[in-house]
Structures are given as structure tokens and as C-alpha cells.
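See structure below.
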Amino acid sequence: MKIDKTIPTLSMLLSGEYKLGTLLQLNYNVSDNLSGIASEKMLVFAPNQTTGVIMNNGSTLNLDKPGVYKVVITATDAAGNSYTIERQFVVYIPANIEVTSKVIKGNNGVFTVRVDLPTGYSTCGLDLNTAKANGVSALNSNNGYYNQAKIGQFKFERSDFSWSSSEVVIEFRCYINGYLVIGQTTVKVQK
């Protein structure tokens, strides 16, 4: 007579960040080679929710709110052994960004990143202290920079960047009222 004391195996792969409005298929793998799986349950918690929604494996979730989502999956085998995993991911607000000047010439001076948010979001809450382009912090040494941030404009020192190719992708990241904002654009570089 065999006694099953082994917990089920359970795995789920999720990226760390998803764009607002994404339709995300929630898939996980569960198995138990001894007594078999008796039950499995997936709970999904949207941002700021304390009660999860039960979803089936393979269900599609509309990521219609920015913030941190949590997925909790529990599998129980026929012998009563259970195993739970928890995964989190962030849904960010996509931004359109524009870099001026359109062509980066030389490594002296500053350039501006202008941020435009989707309908329903205002740039007024953008946090200058969290604003980064390619990992480089925005200039924040005076009140003028803070006033510009309120209208979605951020200044960066050119000399803090590597302008090694003729085109460089600029990824802007910032928080607005606790929610992540991400935008990308490509700028031309003239040596």
C-alpha cells in the first residue's frame, strides 16, 4: 500500500509588466503523478481588490485597470496534499512620448521628453522624482523642473546618455498617482 505525501507540482509564467488594455491568457501547469489532482482553483485580484475572482485555467483576463494584479493558484491532490503559488504583475499606463530636439546633435545641453497620456489620465500627477529615460533620472534641481513635470515635460542631460548609434530607443518610465507609466520612441543621432 502506497501513501502519497508528495505535494502537487504547480507552475505559472507571467511577465512582470503588461500594457493597460492587454488581453492576457492565464495559463498554469499542474500535475501529481501519485494520487492525481482532485481540485484546482485560481483567484485573480485586480488592483486594490481584497476579494479575488475565480477563473479557469486558460481564461482570458482584460487588464483594464493600471496597478498590481495578484494571481493565487491552489492545487490539491486526491490524498489531500495541497500546494499554493502566488504571482504578481504590473499593468502600466502606455504613454506617447516625443523627444525634442528631433535629432540629437552632440553631447552637450539638455533634451526634453514630452509625455502624452491616454484619455482619462492627466499628466498633472506625474512624479518628477520617479521619471527616468533609459534608466537616467530627469533633472529635478529646481522648481521649474517640477512645474514642467505637471504638464508632462521632463528635461534630461545629454551627457548622461550613450549616443553610439544613428538611432537610439528612448524608454521613459515614471509614476502617476502610484501607477507606472511607460512610453517609447526612437530618436536620430547625428555625430
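Quick caveat, the model's predicted, so the values are computed rather than measured. Any value given below was found using the heavy atoms of this structure, including those in side chains, with hydrogens, waters and symmetry copies removed.
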Output side-chain donor-acceptor pairs under 3.5 Å for residues 16-24, partner residues at least two apart or in another chain, one line each.
unit_1 : atom_1 : unit_2 : atom_2 : d
Glu17  : OE1    : Arg173 : NH2    : 2.6
Glu17  : OE2    : Arg173 : NH1    : 3.0
Glu17  : OE2    : Arg173 : NH2    : 3.4
Tyr18  : OH     : Ser15  : N      : 2.8
Thr22  : OG1    : Lys19  : O      : 2.6

> Between atom OG1 of Thr112 and atom CD1 of Ile97, what is the distance when rounded to the nearest 0.5 Å?
Replying inline: 12.0 Å
>> Going by the rule side-chain contact (heavy atoms from CB on, under 4.5 Å), which residues pair with Ser11 if we only count those two or more places apart in sequence or in a different chain?
In response: Asn29
> So does Asn33 have more than 12 non-hydrogen atoms from other groups sitting under 6.0 Å from CG?
Replying inline: no
Can you give each donor-acceptor pair under 3.5 Å made by side-chain atoms of residues 132-140, sequence neighbours left out, with the distance rounded to 0.1 Å?
unit_1 : atom_1 : unit_2 : atom_2 : d
Asn134 : OD1    : Glu171 : N      : 2.7
Asn134 : ND2    : Val169 : O      : 3.0
Asn140 : ND2    : Asn129 : OD1    : 3.2

>> I'd like to check the salt bridge (charged side-chain N to carboxylate O under 4.0 Å, His left out) partners of Glu40; sequence neighbours left out, ordered by chain and number.
In response: none
> To the nearest 0.5 Å, how far apart are CD1 in Ile151 and OG in Ser122?
Replying inline: 11.0 Å
>> Could you work out, with salt bridge (charged side-chain N to carboxylate O under 4.0 Å, His left out) as the rule, every residue matching Lys188, not counting sequence neighbours?
In response: Glu167
>> Per the ring pair (Phe, Tyr, Trp, His ring centres under 6.0 Å) rule, what does the pair list look like for residues 103-130, sequence neighbours excluded?
In response: Phe111-Phe156, Phe111-Phe161, Phe111-Trp163
>> Once salt bridge (charged side-chain N to carboxylate O under 4.0 Å, His left out) is applied, do any residues pair with Lys102, and if so which ones, sequence neighbours excluded?
In response: Glu98
> When you measure from the side chain of Thr123 to the backbone N and O of Lys150, does any donor-acceptor pair fall under 3.5 Å?
Replying inline: yes
> Donor-acceptor pair, Gln25 side chain versus Gly58 backbone, under 3.5 Å?
Replying inline: yes
> How is the hydrophobic cluster of Tyr92 composed, in terms of its other members, when Ile, Leu, Val, Met, Phe, Trp and Tyr link through side-chain heavy atoms under 4.5 Å apart, directly or indirectly?
Replying inline: Val68, Val90, Tyr175, Leu180, Ile182
> Under the 3.5 angstrom rule, does the side chain of Arg114 hit a backbone N or O of Thr100 as a donor-acceptor pair?
Replying inline: no
> When rounded to the nearest 0.5 angstrom, what is the spacing between SG in Cys174 and CG in Leu117?
Replying inline: 9.0 Å
> Less than 4.5 Å apart, any side-chain heavy atom of Val113 and any of Gln153?
Replying inline: no
> How long is the span from the CG atom in Leu26 to the CZ atom in Arg87, to the nearest 0.5 Å?
Replying inline: 12.5 Å
>> To the closest 0.5 Å, what do you measure between CD1 (Ile7) and CG (Asp32)?
In response: 9.5 Å
> Can you list every pair that meets ring pair (Phe, Tyr, Trp, His ring centres under 6.0 Å) and has a residue in residues 133-154, with sequence neighbours left out?
Replying inline: Phe154-Phe172
Enumerate donor-acceptor pairs with a distance under 3.5 Å from any side-chain N or O in residues 74-86 to protein atoms, sequence neighbours excluded.
unit_1 : atom_1 : unit_2 : atom_2 : d
Thr74  : OG1    : Thr84  : OG1    : 2.9
Asp77  : OD1    : Ala79  : N      : 3.0
Asp77  : OD1    : Gly80  : N      : 3.0
Asp77  : OD1    : Asn81  : N      : 2.8
Asp77  : OD2    : Asn81  : ND2    : 3.2
Asn81  : ND2    : Asp4   : O      : 2.9
Asn81  : ND2    : Thr6   : O      : 3.4

> By the rule that ILVMFWY residues connect when side-chain heavy atoms come within less than 4.5 angstrom, directly or transitively, which residues belong alongside Ile54?
Replying inline: Leu43, Phe45, Val72
> Who pairs with Glu157 by salt bridge (charged side-chain N to carboxylate O under 4.0 Å, His left out), at least two apart in sequence or on another chain?
Replying inline: none
